[in-house]
Amino acid sequence: MRTIDDFTRPLEYLSPLDDPLGMIVREWAETWVIPHRRRFDEDWKEHRLIEPAFKRLMGELGLQRVLFPEDLGGWGLGRSNYAGTSSYRLFEEVARADSGMAVAFGVVFWPLVMICMEPHVNRQLCEEFAPIFCSTTEPRFAANAMTEPQGGADIENMEIVKGSTIQTTAVLDGDEWVINGHKLWPTNSGGVCDLFGVVCTTNPGSEDPNDFAFIFVPADTPGVTQGPPYEKAGMAADKNGDIWFENVRVPKHYRAHGPGLDLLYFKEVITFGNLGSIAFVGGSMMNVYERLYQFVSEETYRGKPLKEHDAVAGALADIARDIEIIRIVGYQYARMVDRPDLYGPRWSEEMVAKGRAYKYWACDRAVEDVGRAMNIMSFYGADRDWDVEKHWRDLKIVQLWMGGKQLCQAEVARWFFDCRTL
Ligand SMILES: Cc1cc2nc3c(=O)[nH]c(=O)nc-3n(C[C@H](O)[C@H](O)[C@H](O)COP(=O)(O)OP(=O)(O)OC[C@H]3O[C@@H](n4cnc5c(N)ncnc54)[C@H](O)[C@@H]3O)c2cc1C
């Protein structure tokens with residue numbers, strides 16, 4: 001019998017830690033998540049069931065520390081040549097169990113990419129924020145606050161819009177930034193966030209890259225208000241909500257890098273967002289494969305297992321083909337992230353555009369394939385006992401975030417066809 005490990009990984013360039021780390025997470029998933037996940041949907045607000053699984057993974061196993069330097073209690077992934085491939089494996093394994101947990105876990109690192117990744121480590125801020133994540137066995141959450149009520153896609157569309165629509169303002173007053181604004185939807189908001197990375201402008205309406213600011217704000221700073229979590233179709237483990245910043249004051253050095261560089265390295269944050277999204281899709285589809293494999297082997301039609309019927313086998317082949325290619329594409333992009341010497345900086349327009357291409361392709365394939373899996377499973381496809389409907393709801397959400405499909409298409413067309421007004 002085949003397993004998810006028969007889908008190809010690029011063995012010649014994996015970190016030696018890829019398998020050991022993957023197996024640790026798989027064991028965690030089998031014990032802490034898979035037996036309980038059917039009840040996660042009802043737990044979207046309280047996280048009574050979800051919280052212990054986060055505590056085990058992030059706090060006790062210590063995976064919330066991986067990006068920080070070793071001497072600050074981290075695992076040094078930010079300076080490793082395997083940051084991309086190791087993250088891909090971790091996110092894929094978590095998403096196989098629950099992609100909502102995978103995004104909540106993955107986004108802990110998302111704003112921290114700005115300060116923990118070589119060659120642009122901000123040592124002072126690493127020292128300041130490492131204890132939040134590295135000195136506890138409780139789960140701690142970070143959030144990347146980009147999206148605003150007037151739009152999220154425009155804020156990510158940096159090559160054309162250049163931050164000119166950002167309405168969250170940062171004004172320097174002596175040695176402090178004073179932040180005012182309203183963000184919505186960040187993963188790990190809805191009351192759980194410990195540390196925000198906030199996309200701001202120092203000059204509203206400006207297209208000058210120097211006016212784009214990425215500023216860290218501890219969630220307990222006076223003037224920060226997190227609203228309650230939204231109730232959405234799936235991904236109950238990821239809390240999303242409104243955040244208001246009202247005359248929030250943080251030290252001047254909480255700005256990640258300063259004029260010009262904040263915008264430049266924020267594009268790397270988008271690259272990692274695309275990489276994570278592909279891993280979440282791939283992980284979810286691994287579990288769709290497992291559940292579907294069991295179903296088509298056990299369920300019979302005219303005395304034969306479903307998988308022995310031509311029409312079903314054709315669809316199974318297409319689904320397996322897509323899962324195989326999603327994994328290969330995901331690892332290839334992770335490799336591109338890990339080898340800037342070969343593929344250029346992680347914050348280049350090319351890396352962002354190619355990541356968008358892989359992300360929206362993976363989402364399109366998976367959303368279509370999970371629908372086909374449900375067709376094969378008929379009413380069991382909608383039955384929570386089979387888990388496939390959960391992945392159907394979750395996968396659609398991955399397709400919607402980070403500017404949705406349209407921004408992906410615009411950025412891919414722009415880079416490959418040199419479109420200048422999209
Ligand atoms: C589960 C989940 C997690 C999320 N996590 C985060 C997070 O961690 N941080 C965060 O800041 N936000 C987060 N978001 C918000 C998400 O990234 C935004 O919803 C998304 O970027 C789209 O922004 P918007 O909803 O404001 O739509 P808008 O930006 O208002 O876009 C509206 C429509 O226009 C389309 N569009 C955009 N640009 C173009 C273009 N150039 N040409 C044609 N059409 C275009 C869009 O695809 C969309 O269909 C999350 C959302 C979800 C559902």
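The residues of the chain are indexed from 1 along the displayed sequence. Computed over heavy atoms, backbone and side chain alike; hydrogens, waters and symmetry mates excluded. Just follow the structure's listing: the first ligand is 1, and inside any ligand the first atom is 1.
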Which atoms from ligand 1 have a heavy atom of [X] less than 4.0 Å away?
{"X": "Asp238", "answer": "1 (C), 3 (C)"}
{"X": "Gly151", "answer": "26 (O), 29 (O), 30 (O)"}
{"X": "Asn240", "answer": "1 (C), 2 (C), 3 (C), 4 (C)"}
{"X": "Ala153", "answer": "21 (O), 23 (O), 29 (O), 37 (C), 38 (N)"}

Angle between ring planes, [X] versus [Y], binned at 30° and 60°: parallel, tilted or perpendicular?
{"X": "His257", "Y": "Tyr265", "result": "perpendicular"}
{"X": "Phe141", "Y": "Phe54", "result": "perpendicular"}
{"X": "Phe196", "Y": "Phe245", "result": "perpendicular"}
{"X": "Phe295", "Y": "Tyr380", "result": "tilted"}

Check: [X] ring centroid to [Y] ring centroid under 6.0 Å:
{"X": "Tyr230", "Y": "Trp44", "value": "no"}
{"X": "Phe272", "Y": "Phe109", "value": "no"}
{"X": "Tyr254", "Y": "Phe129", "value": "yes"}
{"X": "Phe216", "Y": "Phe214", "value": "yes"}
{"X": "Phe7", "Y": "Tyr289", "value": "yes"}

Are there protein heavy-atom neighbours of [atom] below 4.0 Å?
{"atom": "atom 50 (C) of ligand 1", "answer": "yes"}
{"atom": "atom 21 (O) of ligand 1", "answer": "yes"}
{"atom": "atom 10 (C) of ligand 1", "answer": "yes"}
{"atom": "atom 25 (O) of ligand 1", "answer": "no"}
{"atom": "atom 42 (N) of ligand 1", "answer": "no"}

Can you tell me the protein heavy atom closest to [atom] and the distance?
{"atom": "atom 1 (C) of ligand 1", "answer": "Ile397 CG2, 3.4 Å"}
{"atom": "atom 19 (O) of ligand 1", "answer": "Thr147 CG2, 4.6 Å"}
{"atom": "atom 28 (P) of ligand 1", "answer": "Gly152 N, 4.0 Å"}
{"atom": "atom 46 (C) of ligand 1", "answer": "Gly403 O, 3.6 Å"}

With only distance considered, is [X] within less than 3.5 Å of ligand 1 through an N or O on each side?
{"X": "Met402", "result": "yes"}
{"X": "Gln406", "result": "yes"}
{"X": "Met146", "result": "yes"}
{"X": "Pro186", "result": "no"}
{"X": "Asn144", "result": "yes"}
{"X": "Thr187", "result": "yes"}
{"X": "Trp185", "result": "yes"}

Task: Gln409 vs Arg356 side-chain heavy atoms within contact, under 4.5 Å - done: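 No - every pair of side-chain heavy atoms lies 4.5 Å or more apart.
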Task: Side-chain ion pair, Glu324 and Arg321, N-O less than 4.0 Å - done: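 The answer is no: the pair does not qualify as a salt bridge.
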- [ ] Starting at CG of Asp394, measure out to NZ of Lys232 and round the result to the nearest 0.5 Å.
- [x]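 That separation rounds to 9.0 Å.
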TODO: Measure Asn188 to ligand 1 on non-hydrogen atoms and call it side chain, backbone, both or neither using the 4.0 Å cut-off.
DONE: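 Near ligand 1, Asn188 shows nothing, with every heavy atom at 4.0 Å or more.
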Open item on the list: Apply side-chain hydrogen bond (donor to acceptor under 3.5 Å, both in side chains) to residues Asn287 and Arg37 and explain how you reach the verdict.
Closed with: CA-CA 13 Å; Asn287 194 234; Arg37 66 182 174 184; 2.8 Å; yes
